[in-house]
Trainee: 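Structure in structure tokens, see below.
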Amino acid sequence: MQAAIYPGSFDPITNGHLDVVRRALSLVNRVVVGVIYNPEKNPLFSLEERMDLIRTLFKDEPRVEVASFSGLLIDFARLQNVYTIIRGLRAVSDFDYEFQMAITNRHLCPKLDTVFLMTDVDYSYLSSSLVKQVARFGGDVSSFVPMEIELKLKEKLGL
Ligand code: ADP
């Protein structure tokens, strides 16, 4: 496989997401991290901030590209001319939703395939929402996110 798209909100990117990108890079030559622009989700970090943070973390990895999209994933896939989608699976609870999305996307665009990667068990409980919740109350998030993200979280939350 040449390339794959890893779509998500990444608000902010966590060690779990990073683990998935690293695993994907051992399967494909290029990973396009597709950051979703969805103002209705009311993200903590703006689209530009989320993209900049990801770019900073992968500044030494030319095989990772960061792009944004809104609307349908299949339209972004067509634009990129990349039809392999990477999604991470943490627990069985992720499966129902991911299954539904993958089948819907395949229905809308038959050449699209979704590849699920299981994260390291260390990150299997980790989500961006959990990280934000812990950070908001002044908890230590250093084992959940890289230092750059930890600093940005503190700055954003005025801690
Ligand atoms: P979305 O809003 O699309 O779920 P997220 O940024 O929350 O976006 O997640 C993007 C992808 O990364 C999803 O496939 C999600 O299941 C996966 N993911 C999130 N956290 C982890 C983690 N800790 N380990 C593995 N995969 C994860």
Side-chain angles (χ1 to χ4, degrees), residues 1 3-28 30-58 61 64-77 79-80 82-106 108-109 112-136 139-150 152-153 156:
M1 273 187 276
I5 293 173
Y6 180 33
S9 310
F10 305 108
D11 184 37
I13 194 161
T14 68
N15 289 340
H17 295 126
L18 294 173
D19 184 57
V20 170
V21 175
R22 281 191 207 105
R23 285 171 197 280
L25 283 173
S26 67
L27 300 172
V28 296
R30 187 164 67 91
V31 172
V32 181
V33 180
V35 185
I36 298 164
Y37 176 66
N38 181 1
E40 277 167 29
K41 263 198 164 180
N42 201 12
L44 177 65
F45 292 99
S46 71
L47 178 69
E48 288 70 28
E49 287 172 325
R50 285 179 276 149
M51 292 176 75
D52 281 350
L53 284 170
I54 303 169
R55 283 199 185 103
T56 307
L57 296 174
F58 288 107
E61 180 47 270
V64 173
E65 276 168 40
V66 184
S68 68
F69 73 101
S70 59
L72 291 177
L73 177 60
I74 52 155
D75 291 332
F76 180 60
L79 191 77
Q80 294 284 330
V82 172
Y83 293 93
T84 303
I85 305 299
I86 302 281
R87 293 287 285 178
L89 276 185
R90 283 163 290 196
V92 184
S93 52
D94 277 341
F95 184 79
D96 271 351
Y97 174 68
E98 293 293 341
F99 180 79
Q100 203 180 3
M101 287 234 303
I103 297 293
T104 306
N105 283 330
R106 160 95 60 77
L108 296 172
C109 177
L112 197 102
D113 266 306
T114 306
V115 175
F116 293 102
L117 294 179
M118 265 182 286
T119 183
D120 191 286
V121 72
D122 284 354
Y123 309 125
S124 57
Y125 59 91
L126 197 54
S127 68
S128 299
S129 340
L130 181 99
V131 169
K132 285 183 279 191
Q133 229 168 9
V134 174
R136 260 191 199 109
D140 179 10
V141 295
S142 60
S143 53
F144 303 154
V145 292
M147 198 183 56
E148 292 86 341
I149 308 286
E150 192 187 346
K152 271 279 171 210
L153 269 167
K156 192 72 161 178

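Order of appearance sets the numbers: ligands from 1, and atoms from 1 within every ligand.
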Trainee: When rounded to the nearest 0.5 angstrom, what is the spacing between CZ in R23 and CG in L117?
Mentor: 8.0 Å
Trainee: Who pairs with E148 by salt bridge (charged side-chain N to carboxylate O under 4.0 Å, His left out), at least two apart in sequence or on another chain?
Mentor: none
Trainee: Between ligand 1 and the protein, give all atom pairs where both partners are nitrogen or oxygen and the distance is under 3.5 Å, as lines of names plus distance to 0.1 Å.
Mentor:
unit_1   : atom_1 : unit_2 : atom_2 : d
ligand 1 : 2 (O)  : S9     : OG     : 2.7
ligand 1 : 2 (O)  : K41    : NZ     : 2.8
ligand 1 : 3 (O)  : R87    : NH1    : 3.2
ligand 1 : 3 (O)  : R87    : NH2    : 3.3
ligand 1 : 6 (O)  : S9     : N      : 3.1
ligand 1 : 6 (O)  : F10    : N      : 2.9
ligand 1 : 6 (O)  : H17    : NE2    : 3.2
ligand 1 : 8 (O)  : S9     : N      : 3.0
ligand 1 : 9 (O)  : H17    : NE2    : 3.4
ligand 1 : 12 (O) : Y6     : OH     : 2.7
ligand 1 : 14 (O) : R87    : NE     : 3.1
ligand 1 : 14 (O) : G88    : N      : 3.0
ligand 1 : 14 (O) : G88    : O      : 3.4
ligand 1 : 16 (O) : G88    : O      : 2.8
ligand 1 : 20 (N) : R90    : NH1    : 3.3
ligand 1 : 23 (N) : Y123   : O      : 2.9
ligand 1 : 23 (N) : L126   : O      : 2.9
ligand 1 : 24 (N) : T119   : OG1    : 3.4

Trainee: So that I can tick it off, tell me whether D11 and K132 are bridged by a salt bridge, with the cut-off set at under 4.0 angstrom between side-chain N and carboxylate O.
Mentor: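 Here K132 pairs with D11 in a salt bridge, since their nearest N and O are under 4.0 Å apart.
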Trainee: Under 6.0 Å from the CZ atom of F116, do we count more than 12 heavy atoms belonging to anything else shown?
Mentor: yes
Trainee: Given E49, which of K156, R55, K152 fulfils the salt bridge (Lys or Arg N to Asp or Glu O under 4.0 Å) condition?
Mentor: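 Testing E49 for a salt bridge (Lys or Arg N to Asp or Glu O under 4.0 Å) against K156, R55, K152 leaves exactly one candidate, K156.
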Trainee: Can D19 and T119 be counted as having a side-chain donor-acceptor contact under 3.5 angstrom?
Mentor: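 T119 and D19 do have a side-chain donor-acceptor pair below 3.5 Å.
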